[in-house]
Amino acid sequence: MITYIRGELVSLEEDKAIVDVGGVGYGVFMSAQAMSLLPPAGNEVKLHTYLNVKEDAMQLFGFLTRDDLHVFKLLIGVSGIGPKGGQAILSALTPDELRFAVMAGDVKAISAAPGIGKKTAEKLIVELRDKLSVEDALEHAASGKDVPVSGQAGGNTEIQSEAVQALVALGYGSTEALRAVRQVEATKDMEVEDLLKQSLKHMMF
């Protein structure tokens, strides 16, 4: 079992990164979102990995954080979703956006991933509802840790959650609402109304 690899990023191909580890080039399949966050070629990278063994091939899938890998393993545990399907979902949604989509029952957001139909998205929501927590997403945003998209430190997860719920009630998509709220620094003394107003500004651009 290969837990992670550390080496020099040589190049990026359509769906994988080539990493030189001690003179051996590893082709590591990655989501589009994760690949967009890699440094330029020539820099050292550390990728948490999942080895998929098939009858005719061995495929190495890479992730920037252990949380990304954890969510990927949950995805491929859902009947009908293989490693490629799990990677497609994580290309369309970050792990934290997926958490909120599952909690909100947002079939549309999940089925937007290539190869993921409505029935598969519905099954995913049912099977992962008790395994994914939206609180984890908001806490990641508040701490700025393991967040693949913009997030601010020093957040207040309680008012963030209320603001997201308010935006959804206004008709915005759940993942869109979460993304907007996470772009605002939610201080401890901030009121929900203030956070909501600032979040709406982000959703207008």
Side-chain angles (χ1 to χ4, degrees), residues 31-37 48 63-75 77-78 81 86-113 116 118 120-205:
S31 71
Q33 291 217 43
M35 289 178 67
S36 71
L37 296 173
H48 301 274
F63 308 88
L64 299 180
T65 70
R66 282 176 295 190
D67 181 60
D68 294 353
L69 174 58
H70 169 67
V71 172
F72 174 79
K73 287 180 177 179
L74 290 177
L75 285 171
V78 176
I81 299 180
Q87 193 169 61
I89 293 172
L90 292 179
S91 288
L93 299 169
T94 68
D96 287 347
E97 289 168 351
L98 176 65
R99 284 185 171 96
F100 196 84
V102 169
M103 293 299 105
D106 193 343
V107 173
K108 183 178 179 180
I110 297 172
S111 60
I116 304 299
K118 181 180 178 181
T120 301
E122 291 173 342
K123 182 188 298 184
L124 184 156
I125 289 171
V126 171
E127 294 191 22
L128 297 189
R129 193 181 296 276
D130 295 331
K131 299 177 182 179
L132 293 173
S133 169
V134 70
E135 285 75 16
D136 288 342
L138 292 173
E139 287 176 6
H140 285 164
S143 66
K145 182 179 180 181
D146 284 357
V147 180
V149 296
S150 298
Q152 298 291 339
N156 183 325
T157 59
E158 183 177 349
I159 69 166
Q160 285 177 319
S161 180
E162 290 181 22
V164 169
Q165 292 173 24
L167 288 171
V168 171
L170 289 173
Y172 292 100
S174 58
T175 53
E176 181 185 16
L178 177 62
R179 188 180 292 114
V181 169
R182 286 172 54 183
Q183 291 179 14
V184 179
E185 182 176 1
T187 59
K188 294 181 179 179
D189 58 350
M190 179 180 283
E191 297 292 333
V192 176
E193 291 78 7
D194 296 328
L195 177 56
L196 188 58
K197 289 178 182 177
Q198 292 189 41
S199 299
L200 283 168
K201 290 180 181 179
H202 285 286
M203 301 184 85
M204 293 177 182
F205 296 97

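Both backbone and side-chain heavy atoms feed into the values below; hydrogens, waters and symmetry mates do not.
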What closest approach, in Å, do [X] and [Y] show between heavy atoms, and which atom pair accounts for it?
X	Y	result
M190	L195	SD-CB, 3.6 Å
L132	M103	O-CE, 2.8 Å
V184	Q198	CG1-OE1, 3.3 Å
A101	I110	CB-CG1, 4.0 Å
E162	V192	OE1-CG2, 3.0 Å
K118	V107	CG-CG1, 3.8 Å

Please report the interatomic distance [atom1]([X]) to [atom2]([Y]), rounded to the nearest 0.5 Å.
X	Y	atom1	atom2	answer
K73	L69	NZ	CG	4.5 Å
Q33	L37	CD	CG	7.5 Å
S31	L93	OG	CG	10.5 Å
D68	H48	CG	NE2	8.5 Å
L98	F72	CG	CZ	12.5 Å

- prompt: Side chains of P95 and L90: does their closest heavy-atom pair fall under 4.5 Å?
  reply: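 A side-chain contact exists here, since the closest heavy-atom pair is under 4.5 Å.
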
query: Under a 4.5 Å cut-off applied to non-hydrogen side-chain atoms, are L124 and I89 in contact?
result: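 Result yes, sub-4.5 Å side-chain heavy-atom pair found.
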
Over 12 non-hydrogen atoms of neighbours within 6.0 angstrom of CD in E191: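 Atom CD in E191 is not packed in, count stays at 12 or less.
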
- prompt: Does the pair V78 and K123 meet the rule for a side chain to side chain contact (heavy atoms under 4.5 Å, CB included), with working shown?
  reply: CA-CA 8 Å; V78 176; K123 182 188 298 184; 4.1 Å; yes

Side chain to side chain contact (heavy atoms under 4.5 Å, CB included) between L75 and L128, worked out: CA-CA 8 Å; L75 285 171; L128 297 189; 4.0 Å; yes

message: Does this structure show an ion pair linking R99 with D96, if we count only N-O contacts that are shorter than 4.0 Å?
response: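 The answer is yes: the pair qualifies as a salt bridge.
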
